[in-house]
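Within every chain, numbering begins at 1; the chains are lettered A, B, ... in the order of the sequence lines, protein sequences first and strands thereafter. Atoms considered below: every heavy atom in the structure, side chains included; atoms not considered: hydrogens, waters and symmetry mates.
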Amino acid sequence: MRKALMLIARRASTVAQNSPSPVTNSKLFVAGLSWSVDEKSLKDAFSSFGEVSEVKIIYDKDSGRSRGFGFVHYSDEEEAKRAKDAMDGKALLGRPLRISFALERVRGAPVVVPRLSHMEDAFNSDS
DNA sequence: TATGAGCGT
């Protein structure tokens, strides 16, 4: 009985770590940017709420134009929360900003290439 | 130059 509750609690915490629902990250997803906004102007627009460690704006590969959204990294999560509450809905360069917490993007996630060098022999020897 | 919700190497 107690063990079942413990298992449920452990599973709930695991789900909470993997689900991006109310996860207050220190990274903000900033959308609604004007296409003339670059990372510099975005940084000093957000650096008045805390220490901005990194700013990245996503640009389109072939047009070179900004895709209208970017990411603002804060060194502290409370600063990110305050900046979100302060800047969400407000306008930068005439465009209203849509700010939410960034969902955790892990680099190298879809790279699943297990060892199959020893299986190549079995595939090649079927002549 | 036309565009306007969204989650990035």
message: Tell me whether the ring of A/Trp35 lies stacked over the B/dT3 base, given a 5.5 Å limit on centroids and a 30° limit on the plane angle.
response: yes
statement: Picking from B/dG8, B/dT9, B/dG4, the nucleotide nearest the side-chain atoms of A/Lys27 would be B/dG8
statement: When rounded to whole Å, the CD1 to P distance for the pair A/Ile99 and B/dG4 reads 22 Å
task: Please test A/Asp38 against A/Ser41 for side chain to side chain donor-acceptor pair (under 3.5 Å), starting from the C-alpha separation and ending with a verdict.
output: CA-CA 6 Å; A/Asp38 55 344; A/Ser41 56; 2.6 Å; yes
query: Atom CZ of A/Arg67 and atom P of B/dG6: how far apart are they, to the nearest Å?
result: 13 Å
- prompt: What does A/Gly70 touch in the nucleic acid at a heavy-atom separation under 4.0 angstrom: a base, only the sugar-phosphate, or nothing?
  reply: nothing
- prompt: To the nearest Å, how far apart are A/Leu28 CG and B/dG6 C1'?
  reply: 15 Å
message: Classify A/Tyr59 by what it touches in the nucleic acid, base, sugar-phosphate, or nothing, heavy-atom distance under 4.0 Å.
response: nothing
- prompt: What integer distance in Å separates A/Phe101:CZ from B/dC7:C1'?
  reply: 14 Å
query: When we call it a touch if two heavy atoms are under 4.0 Å apart, what does A/Leu33 touch: a base, just sugar-phosphate, or nothing?
result: base
message: Show the nearest heavy-atom pair for residues A/Phe49 and A/Met87, with the distance to one decimal.
response: CE1-CG, 3.4 Å
- request: Could you check whether A/Phe29 and the base of B/dG8 form a stacked pair, meaning centres closer than 5.5 Å and planes differing by less than 30°?
  value: no
message: Let's see if you can work this out: which of B/dC7, B/dG6, B/dG4 has an atom nearest to the side-chain heavy atoms of A/Ala31?
response: B/dG6
message: Without decimals, in angstroms, what is the distance between A/His73 NE2 and B/dC7 C1'?
response: 12 Å
task: Round to a whole Å and report the spacing from CG of A/Leu42 to C1' of B/dG8.
output: 14 Å
- prompt: Do A/Leu42 and A/Val52 have side chains that get closer than 4.5 Å, going by heavy atoms?
  reply: no
query: What about A/Phe71 and A/Phe29, are their ring centers closer than 6.0 Å?
result: yes
- request: By nearest nucleotide on DNA chain B, pick out whichever of A/Lys61 and A/Ser34 is the more 5' one.
  value: A/Ser34
message: When you compare the ring of A/Phe71 with the six-membered ring of B/dG8's base, are the centres less than 5.5 Å apart and the planes under 30° from each other?
response: yes
Side chain of A/Arg65 (C-beta onward), nearest among B/dA5, B/dC7, B/dT3: B/dT3
task: State, to 0.1 Å, how close A/Phe69 and A/Ala31 come at their nearest heavy-atom pair, and which atoms those are.
output: CB-CA, 3.8 Å
query: In whole Å, what is the span from the CG atom of A/Asp60 to the P atom of B/dG6?
result: 18 Å
task: Using whole Å, report how far CD1 of A/Ile58 lies from C1' of B/dG8.
output: 4 Å
